[in-house]
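Some notes on the structure that comes next.
In this chain, numbering begins with 1 at the start of the sequence shown.
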Amino acid sequence: MGPKPHPSHRLKHTPSAFHIFARRRGRKAHTRPCRSRVTASAPPACQTLAAAQPHLAGRAPPALAGIGPRRGRARRVTPGCGADWLRSGPGMPGREVEMHPVLKAFVCGSISGTCSTLLFQPLDLLKTRLQTLQPPAGRSGRVGMVTLLFRVVRTESLLGLWKGVSPSFARCIPGVGIYFSTLYTMKQNLLVDRSPTALESVFLGATARAISGICMLPVTVVKTRYESGRFGYRSVYTALKNIYQTEGARGMFSGLTATLLRDAPFSGIYLMFYTQTKKLTPQDQLDPVLMPLMNFGCGIFAGILASLTTQPADVIKTHMQLSPEKYCRTSQAIAFIYKDFGLVGFFRGGVPRALRRTLMAAMAWTVYEQMMEKMGLKS
């Protein structure tokens, strides 16, 4: 018998022969980078195999099946020859992780809430100031929104209109995300491939908003006090800590009843008008480019009706959160507002609130539905 051929002669065979040889020798398999690039970064042996057996393109050769660790992971090979074979086991680098649909709804809602909060925060500040403005003695003291706007800019600068934007972000970003993810979950479980009726829309919207409102109520209290200008809190955390130390848990959840009476009906009525208005529009005949504009218009119409309906509850909520020691019950706040301001007092700050809530809700729903559509989910 002649001398055994050098192991390098076996490298002229297919990659499977080389890997089997390297495995028997107890060494880690490596292949050299490809010099000639007939296909995308594939070694010549892989190109020869693909040309000879085109029906196996994109599939692992039979000889390579089972090579490597036994836990479902293929051994690392040269990119181009085995890039598609590396996804055979869990935990592999580069494997795509599918996000849960509820988490997608939360992310879409949070992003939409961020955009709308940043744009319309000045309207929320003007609404809070108008509701808590005390009239001078012996005069009606009626102050309009435009007058108050220039007063804030003159005394607190232009950035003063965004006072309280930090607690607004802390409230709206997770709050809107909780609302949309809860709404999506209920739709998937309660409604099977159909649109909700008018009463079902009221129930879905009110329930999702109630859950979100209860979770974020402590931050809502801080936001209201920031915007009033009566408290000198330095941060959201400092404000929460101070309220808990001085007023306890009751202070952090002050105005809970009024908040639920305001937010739950608003979201239920809004969702009802929004879904019913969209049903009346010929969406199948519209240009897809115009769909966001149509959804925005439906949102504005629904927001105006919902804001007017829930305005008195918003005024009561603001007074209770600013003076929890003064109003122990909702009925006390109602009696005080009626005594000092009359029936009109329950609608103070209605214009900036209607503008803000209408535009915020319309923009949030438009951004949310567009993002959900891009992700391949039905909102």
Measure the spacing between [atom1] of [X] and [atom2] of [Y] and express it to the nearest 0.5 Å.
X	Y	atom1	atom2	answer
Phe273	Ile269	CZ	CD1	7.0 Å
Thr275	Lys279	OG1	NZ	6.0 Å
Ile334	Arg329	CD1	CZ	11.5 Å
Leu322	Lys317	CG	NZ	8.0 Å
Ile214	Ile178	CD1	CD1	11.0 Å
Leu256	Thr330	CG	OG1	9.0 Å

Pairs meeting criterion side chain to side chain donor-acceptor pair (under 3.5 Å) with involvement of residues 161-172, two or more places apart: Gln121-Ser168, Arg171-Thr220
Between [X] and [Y], which heavy-atom pair has the shortest distance, and what is it?
X	Y	value
Leu271	Gly205	CD2-N, 3.7 Å
Ser110	Gly177	OG-CA, 3.6 Å
Phe347	Val315	N-CG2, 4.4 Å
Ala198	Met272	O-CG, 3.6 Å
Pro218	Leu240	O-CD2, 3.7 Å
Arg209	Ser267	NE-OG, 2.8 Å

Chi angles and distances behind the salt bridge (Lys or Arg N to Asp or Glu O under 4.0 Å) call for Asp314, Arg262: CA-CA 6 Å; Asp314 183 71; Arg262 178 200 67 169; 2.5 Å; yes
Are the side chain of [X] and the backbone of [Y] linked by a donor-acceptor contact shorter than 3.5 Å?
X	Y	result
Ser235	Thr238	yes
Ser212	Gly175	yes
Ser157	Val153	no
Thr207	Leu204	no

Carboxylate-amine/guanidinium proximity below 4.0 Å for Arg225 and Glu247: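 Between Glu247 and Arg225 there is a salt bridge, with a charged N closer than 4.0 Å to a carboxylate O.
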Are [X] and [Y] joined in one hydrophobic group, where the rule is that I, L, V, M, F, W and Y side chains link up if heavy atoms are under 4.5 Å apart?
X	Y	result
Val219	Phe253	no
Phe203	Tyr179	yes
Phe150	Leu161	no
Val176	Met99	no
Leu118	Ile173	yes

Going by heavy atoms in the side chains, are [X] and [Y] under 4.5 Å from each other?
X	Y	value
Val236	Phe169	no
Asp287	Leu290	yes
Phe180	Ser112	yes
Leu126	Met145	yes

Step-by-step side chain to side chain contact (heavy atoms under 4.5 Å, CB included) determination, Leu103 to Ser181: CA-CA 7 Å; Leu103 185 58; Ser181 58; over 6 Å; no
Side-chain donor-acceptor contacts of residues 359-370 below 3.5 Å, not counting sequence neighbours, with atom names and distances?
residue : atom : partner : partner atom : Å
Thr366  : OG1  : Ala362  : O            : 2.7
Glu369  : OE1  : Tyr274  : OH           : 3.0
Glu369  : OE1  : Lys278  : NZ           : 3.2
Glu369  : OE1  : Asn295  : ND2          : 3.3
Glu369  : OE2  : Lys278  : NZ           : 3.1

Residue pair Val221, Ser254: steps toward the side chain to side chain contact (heavy atoms under 4.5 Å, CB included) verdict: CA-CA 7 Å; Val221 175; Ser254 59; 3.9 Å; yes
Centroid-centroid distance, Tyr327 to Phe336, less than 6.0 Å: yes
Are more than 12 heavy atoms from other residues, nucleotides or ligands located less than 6.0 Å from atom [atom1] of [X]?
X	atom1	value
Leu280	CG	yes
Lys241	NZ	no
Arg194	CZ	yes
Phe231	CZ	yes
Phe346	CZ	yes

N/O donor-acceptor pairs under 3.5 Å from side chains in residues 297-304, not counting sequence neighbours:
none

Any donor-acceptor N or O pair under 3.5 Å, side chains Arg353, Gln311: yes
Please enumerate all residues that pass side chain to side chain donor-acceptor pair (under 3.5 Å) together with [X], with sequence neighbours excluded.
X	value
Arg129	Glu156
Lys223	Asp124, Glu227
Arg154	none

Stacked cation flag Arg356 on Phe120, 6.0 angstrom / 45 deg: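 Because its charged atom misses either the 6.0 Å distance or the 45° angle limit, Arg356 does not stack over Phe120.
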Geometric cation-pi criterion Arg357 and Phe266, 6.0 Å radius, 45° cone: yes
Full working for side chain to side chain contact (heavy atoms under 4.5 Å, CB included) between Leu217 and Gln321: CA-CA 10 Å; Leu217 186 61; Gln321 290 181 347; 3.7 Å; yes
